[in-house]
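Everything below concerns the one structure shown next.
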Amino acid sequence: MKILGIDTSCDETAAAVVLDGCEILSNIVASQIKTHQEYGGIVPELASRKHIEAINYIVNKSLAEAEVTFDDLDAIAVTNRPGLIGALLVGVAAAKSLAYAHNLPLLGINHIEGHIYANYMVHDNLSFPHICLTVSGGHTLLVEVYEGWKYKVLGTTQDDAAGEVFDKVAKYMGLGFPGGKIIDELAQKGDPTVIDFPRPMIQSGDYQFSFSGVKTSVRYFVEKAEQAGSIEKGEISIEDIAASFQAAVVDVLVTKTIHAAKSSESKAITLTGGVAANSLLRTSLKSAAEEIGAEVYYPPINLCTDNGAMIAGIAYEKYQQGLRDELSLNAAANGSIVDV
Ligand code: KG4
Ligand code: ZN
């Protein structure tokens with residue numbers, strides 16, 4: 001069964017064709033990073049406009065690369081929640097028009113479920129239940145994933161998402177946007193023990209996260225260092241600040257994820273979302289998991305970040321479960337995944 005998956009939830013226009021949930025025939029992503037870079041963050045109105053310009057081209061390219069036409073498709077799936085509302089509406093309008101024009105079933109998909117599914121597309125030995133940490137620019141979510149794609153939400157962020165904090169801290173440090181990759185690279189040359197940034201809620205015993213405290217702490221630290229000229233004088237390096245900040249965020253993410261795995265019968269942990277590309281997060285989680293006899297899985301980077309393949313993938317499972325949406329399908333800015 002071939003499904004076209006469309007995602008326009010944030011700043012990537014994405015379309016993919018996937019066979020039977022896991023075989024990726026094409027996966028096309030048009031990034032808008034250059035458009036948003038000069039503003040130091042995503043400008044929602046610009047994102048919507050760029051999606052409108054790109055959507056038809058990207059959908060056609062995904063069909064061409066998969067060597068299929070609309071006649072070969074069995075369904076069209078689209079992210080309809082959560083995300084930037086104007087951006088989501090572009091993908092939803094496109095999917096509805098195409099489903100109507102080609103008389104194909106339509107499925108509205110939760111973006112987070114797509115991220116969670118991404119690991120399953122490349123690791124066919126993944127066991128259930130497993131613990132999944134989704135960390136991206138918009139989300140920080142710890143869930144237990146059961147057979148049949150049912151979920152128990154363990155915790156989420158009370159304020160900023162993990163990726164958002166990387167991006168904001170990079171902005172305070174004048175490093176550019178998006179900041180995650182830049183901080184990751186700088187941190188590899190720095191000493192994470194130089195500054196003891198706070199690890200909010202690390203001892204709370206639950207699975208909730210809060211990152212605004214560490215963000216503010218870095219901001220004050222950088223402002224003070226600039227005023228004192230201590231960076232120019234070589235008393236403190238931006239590499240050490242980056243490494244110390246990254247260590248604080250990763251410490252919290254790893255501690256809570258391991259705590260969840262220990263409290264579950266699960267022996268598998270999956271990592272997904274843009275921040276899953278972080279090198280310290282990958283290595284720290286892997287070694288902490290080894291200590292409790294758990295295995296960590298992550299997908300390749302192009303399936304960690306936003307893409308249409310993960311949407312087509314989870315849509316295949318939802319189709320088998322009977323999901324079909326009407327042409328009245330709407331987009332929603334919010335939309336948490338539903339607990340079992
Ligand atoms: O999943 P994604 O592409 O888009 C959203 O759904 O948000 O994630 C983008 C986020 C950005 O905040 C970016 O800074 C972060 O992922 N990111 C990283 C790294 N690479 C990307 N954060 C930390 N370390 C990285 N290596
Ligand atoms: Zn995402």
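Counting starts at 1 for both ligands and their atoms, following the listed order. For the numbers below, each heavy atom of this structure counts, side chains included, while hydrogens, waters and symmetry mates do not. What you see is a predicted model; the values in this text were computed from it and never measured.
- In this structure Lys215 satisfies the side chain to side chain donor-acceptor pair (under 3.5 Å) test together with Asp160, sequence neighbours excluded.
- Between Phe221 and Phe245, the gap from one ring centroid to the other reaches at least 6.0 Å.
- Not one N or O of His139 is nearer than 3.5 Å to an N or O of ligand 1, by distance alone.
- Among all non-hydrogen protein atoms, the one lying nearest atom 26 (N) of ligand 1 is Asp184 OD2, 2.9 Å.
- Distances below 4.0 Å separate heavy atoms of Thr305 from the following atoms of ligand 1: 1 (O), 3 (O).
- In terms of protein heavy-atom proximity, atom 1 (O) of ligand 1 is nearest to Gly274 N, 3.0 Å.
- Where the criterion is an N or O separation shorter than 3.5 Å, residue side chain and backbone included, Gly163 meets it with respect to ligand 1.
- For Glu12, no nitrogen or oxygen atom sits less than 3.5 Å from a nitrogen or oxygen atom of ligand 1, counting backbone and side chain alike.
- Residue Ile195 is grouped with residue Val250 when hydrophobic side chains (ILVMFWY) are merged at heavy-atom distances under 4.5 angstrom, including chains of intermediate members.
- Under the 4.0 Å criterion applied to side-chain N and carboxylate O atoms, Lys286 and Glu290 are not assigned as salt-bridge partners.
- Annotation: atom 24 (N) of ligand 1 to nearest protein heavy atom, Asn278 ND2, 3.0 Å.
- By the criterion of a separation under 2.8 Å, the protein N/O/S atoms near the Zn ion (ligand 2) amount to His111 NE2, His115 NE2, Asp306 OD1.
- In this structure, Phe211 and Leu253 have side chains that are in contact, with non-hydrogen atoms separated by less than 4.5 Å.
- Between Arg199 and Asp251 there is a salt bridge, with a side-chain nitrogen of the basic residue lying less than 4.0 Å from a carboxylate oxygen of the acidic one.
- Checked by distance only, ligand 1 and Ser279 stay at 3.5 Å or farther apart across all their nitrogen or oxygen atoms.
- Looking from atom 22 (N) of ligand 1 to the surrounding protein, the closest heavy atom is Gly180 CA, 3.3 Å.
- A perpendicular orientation is assigned to the rings of Tyr120 and Trp149, their planes being inclined by more than 60° (bins at 30° and 60°).
- The contact set between ligand 1 and Gly138, taken as ligand atoms under 4.0 Å from a residue heavy atom, comprises 7 (O).
- In terms of polar-atom proximity, Phe166 is not counted as a contact of ligand 1, lacking any N or O under 3.5 Å from an N or O of the ligand.
- A single hydrophobic cluster is not seen to contain both Ile311 and Ile28; linkage of ILVMFWY side chains at heavy-atom distances under 4.5 Å, directly or through other members, places them apart.
- Counting atoms of ligand 1 from 1 in the listed order, those under 4.0 Å from a heavy atom of Asp167 are 11 (C), 12 (O), 13 (C), 14 (O).
- Scanning all protein heavy atoms for the shortest distance to atom 15 (C) of ligand 1 gives Val275 CG2, 4.0 Å.
- The nearest heavy-atom contact from the protein to atom 9 (C) of ligand 1 is Gly137 N, 3.8 Å.
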| query | Can His130 and Phe128 be said to form a ring-ring contact (aromatic ring centres under 6.0 Å, His included), step by step? | reply | CA-CA 5 Å; His130 60 260; Phe128 294 90; 5.1 Å; yes
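- Salt-bridge formation is detected for the pair Lys168/Glu164: a Lys NZ or Arg NE/NH1/NH2 atom is positioned less than 4.0 Å from an Asp or Glu carboxylate oxygen.
- Here Asn330 pairs with nothing under the side chain to side chain donor-acceptor pair (under 3.5 Å) rule; sequence neighbours left out.
- Polar contact with ligand 1: absent for Gly273 (N/O pair, distance under 3.5 Å).
- Looking at Lys61 and Glu65, no side-chain N of the basic residue comes within less than 4.0 Å of a carboxylate O on the acidic one, giving no salt bridge.
- Not counting sequence neighbours, Thr134 has no partner by the side chain to side chain donor-acceptor pair (under 3.5 Å) test.
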